[in-house]
2 protein chains.
Amino acid sequence: MLKVNKLTDYAVVVLCDLLRGQALRSAADLAQSSGVPLPTVSKILKQLARTGLLQSARGVNGGYGFAKSPDGISMTEVIEALEGPIAVTGCIEDSGDCEHLHECPMSGHWNAVNVAVRRSLDEVRLIDMLPEARFMDPEDLSRVIVARHAPAMQA
Amino acid sequence: MLKVNKLTDYAVVVLCDLLRGQALRSAADLAQSSGVPLPTVSKILKQLARTGLLQSARGVNGGYGFAKSPDGISMTEVIEALEGPIAVTGCIEDSGDCEHLHECPMSGHWNAVNVAVRRSLDEVRLIDMLPEARFMDPEDLSRVIVARHAPAMQA
DNA sequence: CACAAACAGGACTAAAACAGTACAGTATCT
DNA sequence: AGATACTGTACTGTTTTAGTCCTGTTTGTG
Ligand code: FES
Ligand code: FES
């Protein structure tokens, strides 16, 4: 299926939520407003902060915010933050390039596939994913997103 | 990682092998020459035949061959034959389109991601993956491919 | 300073997906 | 008839994923 992790799916939901009000938001707050359960949101945000996409502040009034202007963030960045480099085959490790280029006669070819996929994801920005919320009742919005993109946490 | 199944990786190896001599080849023959074990090769070929990419002939002198000219086969076809439609998120089922377009405010956006990925894979053809074998000792070739793309079956 | 808010890191478990194998059945050729 | 070779499906052990929880650290507030 060439599927993305569920966590990445949730992450987009949460990030879109964070995108709406650009202030520093706590994990609990985001969990509340996105409908994704707190432990999961927390896990996602920690990872995103670790990879530098978000910045975090500890202590009272702490929370998460974008580390840079969110306008330029691409889906590549989001996916790679949560799943590591986009690598279609197992032989390609963290470097992003196949480490056996010199010995495997297929290497350059699989690399070409990776590059093609990555480039296509580069062209989709996070803000392109933002739901057109202005036309919807916020509660409906939340309900539908949870139902489809965060189905695990329904009653 | 956005990774493809191991079976799909093997499939490319086996298909490249089949590409070299375009005759009808038996599963056992292909297993022998590609280094992938027979049951696995058999599973892959059966699936590829089921989805129409390959044609099969039973009985003595039977085997598998391409159902159409292999020149035009894209990676999309190979991947979809083995893993089903390319769908980055779980909400997109067999149809290839998100089935909740009318109710999910994100739907069109995820679809855009899918389309972008699929298009980029459309542009990579199977014959582009063919190892440049003419420069290599066939035994080395086989050893390296097995080591990297079919690691399960090493002694 | 004590306490509460909030993030950091990692360990753990249950469930799902995958890889690989096996086997009984059917078609074809000689 | 018998050998070859594909077909379909079921089974099992392993690996990955999803989700939760706990313990520690940082920071603001009274
Ligand atoms: S080892 Fe990386 S493509 Fe073959
Ligand atoms: S339900 Fe398919 S994109 Fe939201």
Side-chain angles (χ1 to χ4, degrees), chain A residues 1-11 13-14 18 23-32 35-65 67 79 82-84 87 89-90 146 149-154, chain B residues 1-11 13-14 18 23-32 35-65 67 79 82-84 87 89-90 146 149-154:
Chain A
M1 279 265 276
L2 212 67
K3 209 181 322 195
V4 92
N5 282 347
K6 268 192 181 181
L7 283 186
T8 307
D9 193 347
Y10 301 165
V13 173
V14 172
L18 187 58
L24 218 58
R25 310 265 302 277
S26 74
D29 180 16
L30 285 166
Q32 180 75 31
V36 182
L38 176 56
T40 302
V41 170
S42 186
K43 190 179 197 171
I44 292 165
L45 293 172
K46 270 185 283 191
Q47 181 61 24
L48 289 173
R50 207 174 303 156
T51 55
L53 199 73
L54 297 183
Q55 63 183 156
S56 63
R58 291 188 173 193
V60 179
N61 300 325
Y64 294 93
I79 293 174
L82 285 154
E83 323 201 359
T89 48
V146 169
H149 294 278
M153 54 286 310
Q154 290 174 72
Chain B
M1 279 264 274
L2 212 66
K3 207 181 325 192
V4 93
N5 282 348
K6 268 191 181 182
L7 283 186
T8 307
D9 193 347
Y10 301 166
V13 173
V14 172
L18 187 56
L24 216 59
R25 309 266 302 276
S26 75
D29 181 17
L30 284 165
Q32 178 75 31
V36 182
L38 176 56
T40 302
V41 169
S42 185
K43 190 179 197 172
I44 292 167
L45 293 172
K46 271 185 282 192
Q47 181 61 22
L48 289 172
R50 208 175 301 156
T51 55
L53 200 74
L54 298 182
Q55 64 182 156
S56 62
R58 292 187 174 191
V60 178
N61 298 326
Y64 294 92
I79 293 174
L82 284 156
E83 321 201 0
T89 47
V146 169
H149 294 278
M153 53 285 310
Q154 289 174 73

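Each chain gets a letter, A, B and so on, in the order its sequence line appears, and its residues count up from 1.
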*asked:* From CG of B:L82 over to C1' of C:dC18, roughly how many Å is that when rounded to an integer?
replied: 13 Å

*asked:* I'd like to know if the side chain of A:E83 reaches the main chain of A:N5, judged simply by a donor and an acceptor atom lying under 3.5 Å from each other, with no hydrogens or angles considered.
replied: yes

*Does a side-chain N or O from B:Y10 land closer than 4.0 Å to OP1 or OP2 of C:dG20, or not?*
yes

_Measuring from the side chain of B:N5 (C-beta onward, heavy atoms only), which nucleotide among D:dG19, C:dA19, C:dA8 has the closest atom?_
C:dA19

*asked:* Assuming nearest nucleotide by heavy-atom distance, tell me which of A:K46 and A:N61 is located more 5' along DNA chain C.
replied: A:N61

*Starting at CG of A:L54, measure out to NZ of A:K46 and round the result to the nearest 0.5 Å.*
13.5 Å

*Write down the distance between CG (B:L24) and C1' (D:dA5), rounded to a whole number of angstrom.*
10 Å

*Would you mind reading off the distance between B:L38 atom CG and D:dA5 atom C1', rounded to a whole angstrom?*
10 Å

*Side chain of B:L7 only, please: which of C:dT21, C:dA6, C:dA19 is the nearest?*
C:dA19

*asked:* Does B:A28 reach a base, just sugar-phosphate, or nothing at all? Heavy atoms under 4.0 Å.
replied: nothing

*Which pair of heavy atoms, one from A:G52 and one from A:A67, lies closest together, and at what distance?*
O-CB, 3.4 Å

*Send over the distance from A:K43 NZ to C:dC12 C1', rounded to a whole Å.*
10 Å

_Spacing between B:Q47 atom CD and C:dC18 atom P, to the nearest angstrom_ = 13 Å

*Do any of residues 48-59 of chain B sit with a heavy atom less than 4.0 Å from DNA chain C, and if so which?*
B:R58, B:G59

*asked:* With rounding to the nearest 0.5 angstrom, report the OG1 to CG distance, A:T89 to B:D9.
replied: 6.0 Å

*With a 4.5 Å heavy-atom cut-off, do B:V14 and B:L48 have their side chains touching?*
no

*Between B:T40 and C:dT21, does any side-chain N or O lie under 4.0 Å from OP1 or OP2?*
yes

*Nearest non-hydrogen partners of A:L82 and A:L7, listed with the distance*: CD1-O, 4.2 Å

*Quick one: B:L30 CG to D:dA5 P, roughly how many Å, whole number?*
12 Å

*Round to a whole Å and report the spacing from OH of A:Y64 to P of C:dA5.*
17 Å

_Where A:I44 and A:A11 come nearest, the two heavy atoms and their spacing_ = CG2-CB, 3.7 Å

*Take the protein atom CG of B:L45 and the nucleotide atom P of D:dA5, then report the distance between them rounded to whole Å.*
13 Å

